[in-house]
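Below, each value reflects all heavy atoms present in this structure, side chains not excepted, and no hydrogens, waters or symmetry copies. Starting from 1, each residue takes its place in the sequence as its number.
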Amino acid sequence: MEKVMKLRQTIQQAELEAKRRLEIDLSTVNMEEAKANEQGFMIVRKKQKLSNQTRFSQTIDMNISYLCQAQYLTSAEFSFIFTLAPMLKIGVNAIVDPQTGQYCSVSEIATFLKRSRQKTSEMISALIEKGVMYEFANTHELKIHGRHVTRRPFFLNPEILCCGDKNKLESGITQLMIHFNILERAGIKLPIKAVVEPHSTYGKLVRRKTYLELQKKWNKK
């Protein structure tokens, strides 16, 4: 706790110093601007560019090409995957309501996509079985209540469609994929694979060669 407090104090001090430096710099600029104006010159202030807030998901092209050649997914399954893109949570790849950020149930996914609940449920089940989608079930709830009480989050495999930085994958879903390894067990050897290295905060996408090297190293331990 003491270390955390010291770290916060250090950060706050650094922010204050940065703010002071900024104020001094702006003061100097204003003085120089006044001198320039007296001599008939004008300092033009540069407009700040607004950061681009457009959210997007990136397709992992090599893997999509591989899946097409392997005929692992149907055209309908590919179509369903890509229509989920607006519902993916950045950095997590969870399927959420774009407005509220809340995890979506099967019914809510169906409503958003303007599909029947039955067809949506069948599609999700098929994609989970193929290792393209995942869901987190709370086993503690099942033991106590015998059923799911809270929502079961659905995730899309970031090896196919990744919302956010491909080097900062949510470690939980990445570890889940590695643990079950559904695609590998089905003989689907994707060129780009998700890994989580020991003591890493995030997972990431790497070439298959790197993935195999890491697997070999981990298996030795």
Side-chain angles (χ1 to χ4, degrees), residues 3-4 7 55-85 87-96 103-104 122-143 148 151-221:
K3 288 183 178 179
V4 173
L7 179 59
R55 69 184 296 280
F56 69 95
S57 297
Q58 50 187 323
T59 57
I60 312 304
D61 295 346
M62 291 176 70
N63 286 350
I64 290 172
S65 177
Y66 178 96
L67 290 169
C68 287
Q69 295 300 314
Q71 297 184 324
Y72 187 65
L73 299 176
T74 66
S75 297
E77 287 169 340
F78 268 121
S79 176
F80 184 81
I81 289 167
F82 291 122
T83 56
L84 287 175
M87 304 183 76
L88 296 180
K89 186 174 181 178
I90 296 175
V92 183
N93 253 44
I95 299 170
V96 300
Y103 295 124
C104 284
E122 291 172 359
M123 181 65 73
I124 289 174
S125 295
L127 291 174
I128 288 174
E129 189 175 338
K130 289 185 175 183
V132 174
M133 285 183 65
Y134 288 84
E135 66 174 328
F136 276 130
N138 191 325
T139 55
H140 185 64
E141 281 184 359
L142 290 174
K143 287 179 181 178
H148 293 289
R151 291 176 183 266
R152 291 171 294 162
F154 292 103
F155 296 82
L156 185 65
N157 189 325
E159 294 171 341
I160 298 169
L161 193 64
C162 181
C163 185
D165 189 338
K166 62 182 182 294
N167 292 314
K168 286 188 176 181
L169 304 179
E170 204 282 323
S171 61
I173 183 62
T174 310
Q175 288 170 346
L176 183 70
M177 290 162 52
I178 294 170
H179 176 73
F180 288 101
N181 226 358
I182 297 172
L183 288 169
E184 290 289 313
R185 290 173 184 171
I188 302 300
K189 312 296 185 182
L190 295 178
I192 306 296
K193 294 292 293 179
V195 299
V196 180
E197 297 192 52
H199 312 299
S200 294
T201 305
Y202 301 102
K204 61 182 177 180
L205 295 178
V206 298
R207 296 270 181 172
R208 184 167 191 82
K209 181 181 177 183
T210 302
Y211 165 76
L212 292 174
E213 288 172 351
L214 289 171
Q215 288 290 99
K216 187 176 179 180
K217 183 171 70 175
W218 295 334
N219 290 336
K220 285 182 179 179
K221 295 181 178 180

Visitor: Only pairs under 3.5 Å count here: list side-chain donor-acceptor contacts from residues 197-207, not counting sequence neighbours, and write none if there are none.
Guide:
residue : atom : partner : partner atom : Å
Glu197  : OE2  : Lys204  : NZ           : 3.0
Ser200  : OG   : Glu197  : O            : 3.1

Visitor: To the nearest 0.5 Å, how far apart are CG in Leu183 and OH in Tyr72?
Guide: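 Answer rounded to 0.5 Å: 5.0 Å.
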Visitor: Of all the heavy-atom pairs spanning Cys162 and Leu169, show the shortest one and how long it is.
Guide: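 Result for this residue pair: SG-CD2, 3.7 Å.
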Visitor: Between Glu159 and Arg208, does any NZ, NE, NH1 or NH2 come within less than 4.0 Å of an OD or OE carboxylate oxygen?
Guide: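 No, no charged N to carboxylate O under 4.0 Å.
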Visitor: With rounding to the nearest 0.5 angstrom, report the CD1 to CZ distance, Ile64 to Phe78.
Guide: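 Ile64 CD1 to Phe78 CZ: 6.5 Å, rounded to 0.5 Å.
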Visitor: Listing request: all side-chain hydrogen bond (donor to acceptor under 3.5 Å, both in side chains) pairs with a residue in residues 161-173, at least two apart in sequence or in separate chains.
Guide: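 Qualifying pairs, neighbours excluded: none.
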Visitor: So, taking the atom named CD1 in Ile95 and the one named CD1 in Ile124, what distance separates them when rounded to the nearest 0.5 Å?
Guide: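 Going from the CD1 atom of Ile95 to the CD1 atom of Ile124 covers 6.0 Å.
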Visitor: Determine whether Phe80 and Met133 make a side-chain contact, defined as any pair of heavy atoms from C-beta on separated by less than 4.5 Å.
Guide: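 In contact.
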Visitor: Using modelled atom types only, decide if a donor and an acceptor are shared between the side chain of Ser125 and the backbone of Glu122 within a distance under 3.5 Å.
Guide: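 No.
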Visitor: Could you tell me which residues satisfy side-chain hydrogen bond (donor to acceptor under 3.5 Å, both in side chains) with Gln215, sequence neighbours excluded, listed by chain and number?
Guide: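 Once residues adjacent in sequence are excluded, Gln215 has no partner under the side-chain hydrogen bond (donor to acceptor under 3.5 Å, both in side chains) criterion.
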Visitor: As a quick check of understanding, evaluate side-chain contact (heavy atoms from CB on, under 4.5 Å) for Phe154 and Met87, giving each step before the final call.
Guide: CA-CA 11 Å; Phe154 292 103; Met87 304 183 76; over 6 Å; no
Visitor: Tell me, do Ile173 and Val92 make a side-chain contact under 4.5 Å, heavy atoms counted?
Guide: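 Ile173 vs Val92: side chains apart.
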Visitor: Please check if the side chain of Asn63 supplies one atom and the backbone of Leu190 the other of a donor-acceptor pair under 3.5 Å.
Guide: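 A pair under 3.5 Å: no.
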Visitor: Which atom pair, heavy atoms only, marks the closest approach of Met177 to Pro158?
Guide: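 Looking at all heavy atoms of both residues, the shortest contact is SD-CD, 3.5 Å.
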Visitor: Please step through side-chain contact (heavy atoms from CB on, under 4.5 Å) for the pair His179 and Leu176, ending with a clear verdict.
Guide: CA-CA 5 Å; His179 176 73; Leu176 183 70; 5.6 Å; no
Visitor: Flag the pair Lys189 / Tyr66 as yes when at least one side-chain heavy-atom distance between them is below 4.5 Å, and no otherwise.
Guide: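 Lys189 reaches Tyr66 side chain to side chain.
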Visitor: Shortest non-hydrogen contact from Thr174 to Ala194?
Guide: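 What the structure gives for the nearest pair is CG2-CB, 3.8 Å.
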Visitor: Measure the spacing between CZ of Phe155 and CG of Leu88 and express it to the nearest 0.5 Å.
Guide: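 Taking CZ in Phe155 and CG in Leu88, the distance rounds to 11.0 Å.
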Visitor: How many angstroms lie between atom CD1 of Ile182 and atom CD of Glu129, to the nearest 0.5 angstrom?
Guide: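 One finds 8.5 Å between CD1 of Ile182 and CD of Glu129.
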Visitor: Side chains of Leu67 and Ile160: closer than 4.5 Å at any heavy-atom pair?
Guide: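 Yes, close enough: below the 4.5 Å cut-off.
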Visitor: Looking at Ala85 and Ser57, what are the two nearest heavy atoms and their distance?
Guide: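 So the minimum-distance heavy-atom pair works out to O-OG, 3.8 Å.
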Visitor: How long is the span from the CG atom in Leu161 to the CG atom in Asn93, to the nearest 0.5 Å?
Guide: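 If we round to the nearest 0.5 Å, Leu161:CG and Asn93:CG are 7.0 Å apart.
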Visitor: Testing the basics here: between Ala70 and Ile188, what is the closest heavy-atom pair and its distance to 0.1 Å?
Guide: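 Looks like CB-CD1, 4.3 Å.
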